[in-house]
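Following: one structure in structure tokens, then a few remarks.
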Amino acid sequence: MLKVKLPDGSEKSFENSVKVLDVATDIGPGLAKAALAGEVDGTVVGLDYNLADNQEVNLKILTKKDADALGVLRHSCAHVMARAIMRLFDGVQLAFGPTIEGGFYYDFDLEHSLTDEDFPAIEAEMQKIISQDEPFERIERSREEALQVVRDLGQDFKVEHIEEGLAEHPTVSFYQQGEFVDLCRGPHVPSPKAIGAFKLLSVAGAYWKGDSNRKQLQRVYGTAFFDKQSLEEHLARIEEAKRRDHRVLGKQLDLFTINPLVGSGLVMWLPKGAMVRTLLENFVRDELSKRGYQAVYTPNVGRVELYETSGHYPYYSDSMFTPIVMEEDEKYILKPMNCPHHIMIYKSRPRSYRELPLRLAEFGTVYRYEKSGELSGMTRVRGFTQDDAHIFCTNEQVADEFRGCIEMTQFVLKSLGLDHYRVRLGFRDPNSDKYVGGEDVWQQAQDALVEVCESLGIEATPEPGEAAFYGPKADFVINDCIGREWQLGTVQLDYNLPSEKRFGLEYIGADNQTHRPVMIHRAPLGSMERFIGVLIEHFAGAFPLWLAPEQVRVLTVSEKSEQYGRAVLQQLREAGFRAEGDFRAEKLGAKIRDGQLELIPYMLIVGPRDAEQGTVSVRDRIDGDLGAMPIADAIAKFAEEVRERRVRQTYSGSAGLGERGAANEY
RNA sequence: GCUAGCGUAGCUCAAUUGGCAGAGCAGCUGAUUUGUAAUCAGCAGGUUGUGGGUUCAAGUCCCUCCGCUAGCUCCA
């Protein structure tokens with residue numbers, strides 16, 4: 001007797017083992033037709049999955065309404081793509097073709113270099129395969145038989161994978177569709193007709209089994225949906241991300257520039273970008289001093305010996321700039337991190353337990369020689385400034401300090417409208433002995449991390465084995481307004497640098513004995529470069545009033561009102577606003593257009609009428625014309641918005657700069 | 001670093017597939033004096049990323065280097 005529990009709580013019994021599809025049929029012909037896959041006790045399976053007799057299982061029939069079914073569909077689409085590519089090109093070796101967030105990919109090795117010019121032909125062939133509607137059939141074979149199958153097919157990667165990756169599996173499965181047979185765990189949708197819409201997106205290199213020492217393959221990315229509309233929405237989101245690209249907006253809005261003559265990955269902040277950064281830094285500085293941090297400054301270089309003591313050199317020399325050699329025994333490196341310098345401040349005199357926790361903060365600029373292919377705009381660079389601080393404390397103080405760090409990060413993120421994030425907790429791998437510091441101390445710290453996140457209502461996922469060798473960590477992963485994830489802030493415990501082997505840090509305890517402090521590295525924003533890069537994309541360049549490089553612009557209706565306009569501008573500046581004036585002999589419409597495209601939060605339009613009555617006509621970047629009001633009222637309105645650090649909008653269309661005939665989106 | 005693609009005026013892009021480097025915007029000059037998303041006219045702007053090669057002729061074809069983009073790998 002087989003008992004099947006359905007999601008609505010009802011139960012069905014079967015005399016013998018049945019397939020998932022049989023259960024669906026038993027429930028109703030409509031469901032059987034709509035069924036794409038099943039979920040048995042939480043595992044997604046195909047409709048042909050056999051539910052064995054003499055057990056009780058939870059079963060959910062998946063249709064296109066279920067998110068999990070989409071993954072199954074996309075994997076099937078990856079097979080269709082592989083089949084199409086094998087039809088069109090000779091000597092195609094198949095590697096892996098999994099589903100990923102937003103779509104799928106398949107890795108191939110073939111003579112021909114695929115480009116996106118090949119996509120139309122491949123897509124046409126895929127469409128043909130889908131129209132033919134041949135079913136995906138699962139075939140199970142013993143390892144020996146399977147090896148023979150893939151050898152006969154001449155699929156060398158699959159042979160290797162069965163021999164090595166699947167060495168533990170007594171049987172393996174294949175899926176066959178027409179002439180196409182592929183080693184595959186499955187499941188698949190019953191037939192390709194469920195693939196309502198698909199598109200190939202890009203092609204790029206990828207290493208076999210992710211190993212840069214192994215062969216490089218060609219990876220084709222694509223996506224698929226049940227219907228055309230979902231595909232179009234997805235493609236629109238991709239376009240949306242492109243429009244928000246901080247590299248494009250950074251250029252259009254004069255925020256930063258990167259020049260090969262200065263060097264790749266080295267950012268120059270233009271006045272407007274520098275203003276945003278200064279505002280953000282000042283905001284963080286205020287917060288740091290409220291939270292008991294002390295500001296310090298340290299140099300940009302340090303002797304190689306400092307980093308030998310810290311253990312960074314030569315271990316990480318690959319990602320450091322080459323040392324500056326003055327004399328044989330006098331070498332300096334551009335600092336790749338601030339902690340050794342901060343440690344020397346700690347060590348500048350004996351420390352008492354009464355001083356702890358000692359919190360040393362610095363916007364410290366560091367240099368890391370990232371490989372050329374890693375560089376990207378402001379988000380991956382070779383020189384960057386961390387909003388860094390190092391906390392020296394006792395083991396007992398760790399939990400409170402963690403809490404403080406996480407609360408501060410929460411506060412900062414909230415002030416910027418970054419409301420969606422999670423915390424990744426990097427914990428020790430219980431089976432490894434690479435870690436510094438006692439197991440009990442680690443356990444205590446890890447427990448504290450979990451507890452702090454829970455009590456603050458933060459979604460935190462422990463990831464064993466993801467800790468650095470020197471201590472557990474908490475990384476903030478921010479979700480921006482279009483759902484992309486960015487790793488920004490971090491809090492990391494360090495048992496290594498204070499240790500005897502490294503800097504041998506000490507403090508005198510209440511017991512008059514020497515003790516060893518714990519160190520916490522923390523940076524709520526991470527780096528100014530990356531954080532502001534992400535902010536640019538998050539706001540699509542339209543910064544909230546408190547962060548906008550130019551907050552208000554005074555526009556004169558004609559040159560006749562210039563004198564009044566300049567007086568208004570003067571008042572705004574005296575009230576502390578970053579204001580400019582547009583007194584050109586252009587028509588008002590042209591000035592407004594320029595202001596909108598430059599994403600200026602407020603424009604104050606002044607003409608003869610205003611000059612007469614002492615008013616300004618306020619134009620809001622988002623809501624448009626707000627009508628005339630006394631200057632003092634406008635100033636009070638802006639001041640309140642700044643004081644509250646109000647985030648009114650994270651996105652409202654493209655900046656549109658440089659695009660002729662672009663639709664008006666504000 | 002690897003694979004692939006790309007590099008033309010400050011920006012966005014043309015240039016008959018090897019045959020006189022061009023347009024819009026931005027800039028400058030002048031006219032216009034305007035009330036909520038582009039006033040008109042003129043001017044100027046280039047060693048086509050770099051260095052070499054093939055050719056009567058190279059933006060276009062070949063090679064070198066530099067840079068950018070996508071992805072892979074990496075990220076103390």
Side-chain angles (χ1 to χ4, degrees), chain A residues 100 105 107 109 113-117 201-221 242 245 247-248 251-252 254 257-261 263-265 307 310-313 315-320 336-337 339-340 366 368-377 380-381 468-471 473 475 487 490 492 494 496-497 521 530 555-562 583-598 603-610 617-621 624-628 656-666:
Chain A
I100 50 169
Y105 67 79
D107 288 346
D109 185 31
S113 260
L114 292 167
T115 70
D116 48 15
E117 283 165 23
L201 298 174
S202 62
V203 57
Y207 299 105
W208 168 234
K209 297 207 167 177
D211 182 345
S212 57
N213 295 316
R214 299 216 215 192
K215 186 163 181 120
Q216 186 146 28
L217 310 168
Q218 301 189 57
R219 174 173 296 179
V220 181
Y221 285 88
K242 273 190 205 160
D245 191 324
R247 294 166 301 192
V248 176
K251 193 178 273 184
Q252 285 179 349
D254 291 322
T257 184
I258 296 171
N259 188 305
L261 192 55
S264 296
Y307 290 95
S310 74
H312 295 118
Y313 191 89
Y315 192 64
Y316 288 111
S317 54
D318 271 0
S319 45
M320 290 180 187
M337 44 195 4
C339 32
V366 297
R368 298 180 186 177
Y369 195 81
E370 303 284 355
K371 284 184 280 180
S372 61
E374 311 301 342
L375 303 174
S376 177
R380 200 70 193 273
V381 291
F469 74 93
Y470 52 80
K473 62 174 179 177
D475 289 329
Q487 203 219 291
T490 182
Q492 306 194 2
D494 192 335
N496 177 47
L497 291 178
H521 311 250
R530 168 176 279 204
L555 314 187
T556 44
V557 171
S558 79
E559 285 178 310
K560 287 175 183 163
S561 307
E562 179 168 345
F583 306 122
R584 291 175 301 167
E586 289 291 338
K587 291 178 76 169
L588 180 59
K591 297 186 189 185
I592 287 173
R593 181 167 192 277
D594 290 344
Q596 288 288 149
L597 293 178
E598 288 177 58
M603 285 180 255
L604 297 186
I605 289 142
V606 296
R609 265 195 329 256
D610 297 289
S617 300
V618 179
R619 186 184 164 101
D620 184 295
R621 175 177 65 195
D625 189 2
L626 301 182
L657 277 169
E659 262 181 32
R660 294 189 68 218
N664 296 332
E665 307 209 56
Y666 283 92

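When the side-chain hydrogen bond (donor to acceptor under 3.5 Å, both in side chains) test is applied to A:Arg530, no partner is found at least two apart in sequence or on another chain. Scanning for side-chain hydrogen bond (donor to acceptor under 3.5 Å, both in side chains) contacts around A:Ser310 gives A:His312, with sequence neighbours left out. The side chain to side chain contact (heavy atoms under 4.5 Å, CB included) check on A:Ala628 picks up A:Asp610, A:Thr615, A:Ser617, with sequence neighbours excluded. Looking at residues two or more places apart in sequence or on another chain, you find no salt bridge (charged side-chain N to carboxylate O under 4.0 Å, His left out) involving A:Asp254. In terms of the side chain to side chain contact (heavy atoms under 4.5 Å, CB included) criterion, residue partners of A:Val381 (sequence neighbours excluded) are, by chain and number, A:Val267, A:Phe384, A:Glu529. Residues forming a side-chain hydrogen bond (donor to acceptor under 3.5 Å, both in side chains) with A:Glu370 (at least two apart in sequence, or on another chain): A:Arg380. Judged as a ring pair (Phe, Tyr, Trp, His ring centres under 6.0 Å), and not counting sequence neighbours, the contacts of A:Tyr369 are A:Phe321. Applying the side-chain hydrogen bond (donor to acceptor under 3.5 Å, both in side chains) rule to A:Tyr221 yields the partners A:Arg219; only residues at least two apart in sequence or on another chain are considered.
As a whole-Å value, the separation of A:Lys251 NZ from B:C25 C1' is 15 Å. Remark: C1' of B:A76 and CD of A:Glu370 are 11 Å apart, rounded to the nearest angstrom. Atom CD1 in A:Ile258 sits roughly 16 Å away from atom C1' in B:C66 (whole-Å rounding). Following rounding to the nearest Å, A:Arg380 (CZ) and B:U69 (C1') show an atom-to-atom distance of 16 Å. The CG atom of A:Leu375 sits 17 Å away from the P atom of B:C74 (whole-angstrom rounding). To the nearest angstrom, P of B:C11 lies 17 Å from CD of A:Glu598. Rounded to whole angstrom, the span from the CG atom of A:Asp116 across to the C1' atom of B:A4 amounts to 10 Å. Regarding A:Leu555, its CG atom lies at a distance of 12 Å from the C1' atom of B:A37, rounded to whole Å.
Judged by distance alone, with hydrogens and angles left aside, A:Tyr207 brings a side-chain donor or acceptor within reach of the base of B:G1, the pair sitting under 3.5 Å. Residue-to-nucleotide contacts include a donor-acceptor pair under 3.5 Å from the side chain of A:Ser617 to the base of B:G35. Below the 3.5 angstrom threshold, one finds a donor paired with an acceptor across the side chain of A:Asp610 and the base of B:G35. The base of B:A76 sits within donor-acceptor range of the side chain of A:Ser319, with an N or O pair under 3.5 Å.
Considering only the side chain of A:Pro260, B:G67 comes nearest among B:A37, B:G35, B:G67. Picking from B:A76, B:U36, B:U73 the nucleotide with the shortest atom distance to the side chain of A:Arg368 gives B:A76. Distance from the side chain of A:Tyr316 is smallest for B:A76 among the nucleotides B:U73, B:A76, B:C72. With B:A76, B:C72, B:U36 as the candidates, the nucleotide lying closest to the side chain of A:Glu374 is B:C72. Comparing B:G35, B:A76, B:C74 against the side chain of A:Pro608 picks out B:G35 as the nearest.
Separating the P atom of B:U47 from that of B:C11 is a span of 13 Å, rounded to the nearest Å.
Scanning residues 209-217 of chain A for heavy-atom distances under 4.0 Å to RNA chain B yields A:Gly210, A:Ser212, A:Gln216.
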**Report entry** Secondary structure string for RNA chain B (Watson-Crick or G-U under 3.5 angstrom, | for other-strand pairs)
**Finding:** (((((((..((((.....[..)))).(((((.......))))).....(.(((..]....))).))))))))....
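With RNA chain B read from its 5' end, the first of the two nearest nucleotides for A:Gln218 and A:Tyr369 is the one closest to A:Gln218. Where A:Val203 and A:Met320 meet RNA chain B, the nucleotide closest to each residue was compared, and A:Val203 sits on the side nearer the 5' end.
Between A:Ser264 and B:C68, a side-chain N or O to OP1/OP2 separation shorter than 4.0 Å is present. For B:U3, the OP1/OP2 oxygens have no side-chain nitrogen or oxygen of A:Arg219 closer than 4.0 Å. OP1 and OP2 of B:G71 both lie 4.0 Å or more from every side-chain N or O belonging to A:Ser202.
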Requested in this report: Test A:Tyr105 against A:Ile100 for side-chain contact (heavy atoms from CB on, under 4.5 Å), laying out the working first.
Outcome: CA-CA 7 Å; A:Tyr105 67 79; A:Ile100 50 169; 3.7 Å; yes
Can you give me the N/O atom pairs linking the protein to nucleotides 29-34 of chain B at distances under 3.5 Å, or say none if there are none?
from, atom 1, to, atom 2, distance (Å)
B:U33, O2', A:Lys560, NZ, 3.2
B:U33, O2, A:Glu559, N, 2.9
B:U33, N3, A:Glu559, OE1, 2.5
B:U33, O4, A:Glu559, OE1, 2.2
B:U34, OP2, A:Lys560, NZ, 2.8
B:U34, O4, A:Ala585, O, 2.5

Mind listing the side-chain donor-acceptor pairs of residues 210-217 of chain A below 3.5 Å, one per line with the distance, residues two or more places apart or on another chain?
from, atom 1, to, atom 2, distance (Å)
A:Asp211, OD1, A:Asn213, N, 2.8
A:Arg214, NH1, A:Glu160, OE2, 2.8
A:Lys215, NZ, A:Asp109, OD2, 3.4

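Within the 4.5 Å cutoff, side-chain heavy atoms of A:Val618 are placed close to those of A:Leu604.
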